[in-house]
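Convention: sequence-line order gives letters A, B, ...; per-chain numbering from 1. What you see is a predicted model, and the numbers here were worked out from it, not measured in a lab.
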Amino acid sequence: MTDPASELAQFAKTSNAWPFEEAKKLVARVERTGQKQVLFETGYGPSGLPHIGTFGEVARTTMVRHAFETLTGGQIATRLLAFSDDLDGLRKVPDNIPNKELVAAHLGKPLTEVPDPFGKYPSFGEHNNARLRSFLDHFGFKYEFGSSTEYYTSGRFDATLLKMLARYDAVQKIMLPSLRAERASTYSPFLPIHPRTRIVMQVALDEVDVARGLIAWRDPDTGERFETPVTGGACKLQWKPDWAMRWCALGVDYEMAGKDLIDSVKLSGAIVRALDGAPPEGFNYELFLDENSQKISKSKGNGITIEQWLTYASPESLAFFMYWKPREAKKLYFDVIPRAVDEYLAFLDAYPRQDAKNRLGNAVWHIHSGEPPAPEFIAHEAGGKGTAISFAMLLNLAAVANSEDPAVLWGFVRRYAPAASPEKYPRLDKMIGYAVLYFRDFVKPKKVYRAADEVERAALEQLSDALAALPAEASAEDIQTLLYDIARPIPRYQNFSAKGATPERPGVSNDWFNMLYQVLLGEDRGPRFGSFAALYGLDNTRALIADALAGKFLKTDAA
RNA sequence: GAGCGCGUAGCUCAGCCGGUAGAGCAUCUGACUUUUAAUCAGAGGGUCCUGGGUUCGAGUCCCAGCGCGCUCACCA
């Protein structure tokens with residue numbers, strides 16, 4: 001019998017799309033170990049809010065997960081653990097929170113012991129965990145949430161923690177060469193939580209007592225000596241040993257990380273082996289860069305936020321951005337949005353025409369977990385084949401129409417396809433909404449308007465008066481005729497070589513229309529002006545002329 | 001110092017398992033002239049960073065180099 005799932009799996013085996021390449025590593029791992037389940041992990045540091053990188057990591061990991069399920073025909077169970085390192089000590093007060101003094105009084109304590117500055121949760125850590133979960137839920141990711149504090153205190157890590165204590169020397173042998181001398185002298189993989197101040201202590205160890213499962217250390221301020229069990233949440237691990245311990249204790253099979261963590265992955269992997277475990281599969285993706293080609297970091301606040309992206313484009317376009325070439329450094333800034341949208345649409349457009357093998361290499365297959373929606377085609381005439389309307393086209397349209405009103409853009413779309421409507425094309429409708437916002441914020445400010453000279457000024461005033469005399473319901477054709485009649489007597493715009501032109505009734509040259517675009521719209525090209533005025537409204541058009549003549553659009557180079 | 005990535009038309013980039021070098025934009029030519037460009041037809045444009053190697057054959061694979069960018073080496 002031909003099981004479609006296994007047929008797909010056969011094609012998947014030869015696919016070189018990166019999620020399959022990644023998933024194949026996991027298939028080899030499963031074949032090696034005979035395990036019946038695969039665990040994916042993504043990490044999260046709850047000292048900040050979830051951001052675009054968090055989205056990228058979960059989205060990409062989900063793509064690998066789905067590729068793996070396809071390769072194995074669903075025979076191996078998969079889990080995705082979104083793990084929050086909320087036992088980590090708070091290092092500094094974030095800028096973007098209220099009640100900073102409240103939080104500042106608890107610096108150094110585990111995030112789950114710092115009060116919530118928003119006053120909604122028992123702790124700051126729990127607040128941010130909740131934000132992470134609602135963030136991931138909002139995008140519909142399937143995952144399980146894990147809290148470091150909960151895992152530590154419940155004893156789930158105890159066995160591995162004791163093992164690390166027993167292998168203390170081996171761990172130090174791995175870690176110390178990676179550190180500078182002054183840091184190495186006090187380095188300990190175990191960070192005891194001070195029993196009185198609750199601060200996560202970074203102190204040199206006095207003694208390692210494997211038999212009793214304890215470490216001994218001294219308070220640097222008072223000199224007082226403490227003995228702390230490494231188990232039960234009394235003690236946390238430095239992050240590289242922590243990562244390794246977690247991989248080992250939970251049996252993590254896959255975790256990806258940015259290229260800034262390449263060395264950390266190596267060190268943590270070595271520690272896992274020292275604990276007789278096997279490090280997970282994974283790969284290093286390139287970092288996102290801001291407009292100046294600098295690494296995007298949450299603390300710097302450069303680049304673009306996920307909210308900003310979603311103001312101007314769909315979540316699918318962002319998922320596409322995450323899919324596309326994860327190993328290449330990419331600028332993550334506003335100007336990449338239109339292209340991401342259009343490439344996504346192009347792949348969506350191609351998908352129905354592709355055979356199974358090519359579909360598996362198509363980004364939209366990975367973005368939509370194997371079930372991309374049908375593309376929306378706008379047909380020029382009933383029964384026509386239709387074309388997909390691109391974001392670039394809409395931006396161009398918004399620019400030449402000079403409009404932030406979706407209804408005006410819809411008017412132009414209907415000129416092309418009379419049967420189109422927001423109800424019939426909901427995704428196009430959304431895209432039009434995105435386009436007008438993008439136009440308003442990024443295109444319009446860069447428009448260059450030209451000042452009208454005396455002849456142009458007179459002609460525009462004449463045009464404005466003539467428009468005022470037209471009935472409000474004047475058709476595009478009526479307006480177009482008016483435009484020609486206004487320009488015809490003006491020598492500058494006369495064109496005697498035009499078809500049907502006579503010396504008594506000259507044609508009108510393109511210069512007339514070009515002037516309208518340059519002075520009124522700040523563009524070298526534009527829509528058929530009669531149609532524009534009809535859609536835009538006669539009063540609005542007159543106001544536009546008045547504003548242009550008043551010099552309101554001219555850049556004042558006051559600097 | 002170490003690591004990662006990139007280098008293909010004027011610009012932005014594609015190029016899959018090695019088989020005569022591609023697209024969009026830009027440029028140029030032509031068509032259309034109560035016309036709009038969200039149009040139609042066509043053209044030009046390349047030392048695929050350099051040098052070696054493998055191969056019947058290399059933009060593609062391997063080695064070395066050059067250039068550009070980023071990251072790490074304190075914390076996560």
Side-chain angles (χ1 to χ4, degrees), chain A residues 14-17 43-48 85 88-92 177-180 182-184 187 202 238-240 242-243 257-268 283-290 292-299 324-331 335-336 338-339 342-343 346 357-358 360-361 378 380 387 389-390 392-401 409 412-413 415-417 476-488 495-501 505-514 516-517 523-532:
Chain A
T14 61
S15 175
N16 47 20
Y44 169 65
S47 51
D85 187 14
D88 195 27
L90 179 69
R91 282 179 187 75
K92 62 171 202 183
S178 75
L179 303 166
R180 291 186 192 203
E182 61 268 33
R183 179 77 183 96
Y187 184 86
Q202 297 205 29
Q238 272 281 3
W239 88 280
K240 279 169 239 184
D242 195 45
W243 212 6
K259 82 166 184 188
D260 51 335
L261 298 185
I262 288 174
D263 289 339
S264 305
V265 170
K266 276 187 192 153
L267 288 170
S268 293
F283 87 132
N284 294 289
Y285 52 83
E286 259 286 358
L287 303 177
F288 299 126
L289 309 175
D290 69 5
N292 299 317
S293 295
Q294 299 299 306
K295 172 186 174 179
I296 284 185
S297 70
K298 8 177 188 174
S299 53
W324 202 245
K325 295 192 178 179
R327 291 196 137 95
E328 286 183 24
K330 289 185 296 185
K331 188 166 68 160
D335 44 11
V336 306
R339 186 171 177 167
D342 283 341
E343 300 247 321
K357 185 173 181 347
N358 282 311
L360 295 181
I378 303 294
H380 183 42
T387 79
I389 292 190
S390 71
M393 194 185 275
L394 289 175
L395 285 179
N396 188 26
L397 200 51
V400 297
L409 258 63
F412 281 98
V413 171
R415 255 185 68 214
Y416 172 78
E477 281 310 310
D478 293 341
I479 300 170
Q480 190 75 10
T481 301
L482 175 70
L483 286 164
Y484 279 95
D485 289 341
I486 297 282
R488 206 182 313 280
N495 178 1
F496 293 97
S497 62
K499 189 187 283 181
R505 192 172 184 282
V508 172
S509 79
N510 278 343
D511 294 345
W512 165 241
F513 293 97
N514 290 339
L516 295 178
Y517 303 140
E523 298 283 325
D524 287 330
R525 296 171 178 177
R528 184 182 163 104
F529 205 84
S531 309
F532 168 78

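- Annotation: B/A9 and B/C25 have their C1' atoms spaced 12 Å apart (nearest Å).
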Report all interatomic pairs (protein N or O, nucleotide N or O of nucleotides 72-74 of chain B) with separations under 3.5 Å.
from: B/C72; atom 1: OP1; to: A/K295; atom 2: NZ; distance (Å): 2.8
from: B/C72; atom 1: O2'; to: A/D263; atom 2: OD2; distance (Å): 3.1
from: B/C74; atom 1: OP1; to: A/R180; atom 2: NE; distance (Å): 3.2
from: B/C74; atom 1: OP1; to: A/R180; atom 2: NH2; distance (Å): 3.4
from: B/C74; atom 1: OP2; to: A/R180; atom 2: NE; distance (Å): 3.3

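- Closest to the side chain of A/R339, out of B/C13, B/C4, B/A76, is B/C13.
- A salt bridge is absent between A/R339 and A/D342; no separation between the charged side-chain nitrogens and carboxylate oxygens falls under 4.0 Å.
- Nucleic acid contact for A/E328: sugar-phosphate only, since backbone atoms but no base atoms lie under 4.0 Å from a heavy atom of the residue.
- Distance alone, capped at 3.5 Å, is enough to place a donor-acceptor pair between the A/K330 side chain and the A/W324 backbone.
- Rounded to a whole Å, the CG atom of A/N16 is 13 Å from the C1' atom of B/G15.
- Applying the Watson-Crick and G-U wobble criteria (two distances, each under 3.5 Å), B/C17 pairs with nothing in any strand.
- Toward the 5′ end of RNA chain B lies the nearest nucleotide of A/N284, the other residue of the pair A/F513 and A/N284 mapping further downstream.
- Base orientation of B/C17: syn, the glycosidic angle falling within 90° of 0.
- Atom pair A/D242:CG and B/A76:C1' shows a separation of 11 Å (rounding to whole Å applied).
- For the residue pair A/G258 and A/N284, the shortest heavy atom distance occurs at O-OD1, 3.5 Å.
- One interatomic measurement links the two molecules: CD of A/E286 to P of B/G69, which rounds to 14 Å at whole-angstrom precision.
- Protein atom CG of A/L267 is 11 Å distant from nucleotide atom P of B/C75, rounded to whole Å.
- At a threshold of 4.5 Å between non-hydrogen side-chain atoms, the residues A/Y484 and A/W512 do not count as touching.
- Minimum interatomic distance between A/P338 and A/D335 (heavy atoms only, all atoms of both residues): CD-O, 3.7 Å.
- Looking at heavy atoms from C-beta onward, A/W243 lies in side-chain contact with A/V265 at the 4.5 angstrom threshold.
- Rounded to whole Å, the C1' atom of B/U60 lies 6 Å from the corresponding atom of B/G18.
- Of the P atoms belonging to B/G53 and B/C17, the separation is 26 Å, rounded to the nearest Å.
- Base-pair partner of B/C4: B/G69 (Watson-Crick or G-U wobble, both distances under 3.5 Å).
- Remark: B/A64 base-pairs with B/U50. Criterion, Watson-Crick or G-U wobble with two distances under 3.5 Å.
- What separates CG of A/L287 from C1' of B/C4 is a distance of 9 Å, to the nearest Å.
- Taking atom CG of residue A/D342 and atom C1' of nucleotide B/C25, one finds them 13 Å apart after rounding to whole Å.
- Of all non-hydrogen atoms in A/R183 and A/Q202, the two that sit nearest each other are NH2-OE1, 3.1 Å.
- Comparing the same atom, C1', in B/C48 and in B/G30 gives a spacing of 33 Å after rounding to whole Å.
- Here B/G69 presents its C1' atom at 13 Å from NZ of A/K331, a figure rounded to the nearest Å.
- B/G10 is paired with B/C25 under the criterion used here, namely a Watson-Crick or G-U wobble arrangement in which both key atom distances are under 3.5 Å.
- Within the nucleic acid shown, A/Q238 comes within 4.0 Å of sugar-phosphate atoms alone, with no base atom in reach, counting heavy atoms only.
- For the salt bridge (charged side-chain N to carboxylate O under 4.0 Å, His left out) test, residues two or more places apart in sequence or in another chain that qualify with A/D242 are A/K236, A/R246.
- Under the side chain to side chain contact (heavy atoms under 4.5 Å, CB included) criterion, A/A184 pairs with A/L176, A/L179, sequence neighbours left out.
- Across the C1' atoms, B/C62 and B/A58 are found 11 Å apart, a figure rounded to whole Å.
- Look at CG on A/L90: it is 13 Å from P on B/A76, rounded to the nearest Å.
- B/G5 and B/A64 have their P atoms separated by 14 Å, with the value rounded to a whole Å.
- Between B/C56 and B/U71, the distance separating the two C1' atoms is 43 Å to the nearest Å.
- Nucleotides B/C4 and B/C40 are separated by 48 Å at their C1' atoms, to the nearest Å.
- Sequence order on RNA chain B of the closest nucleotides to A/A329 and A/R488 puts A/A329 first from the 5' end.
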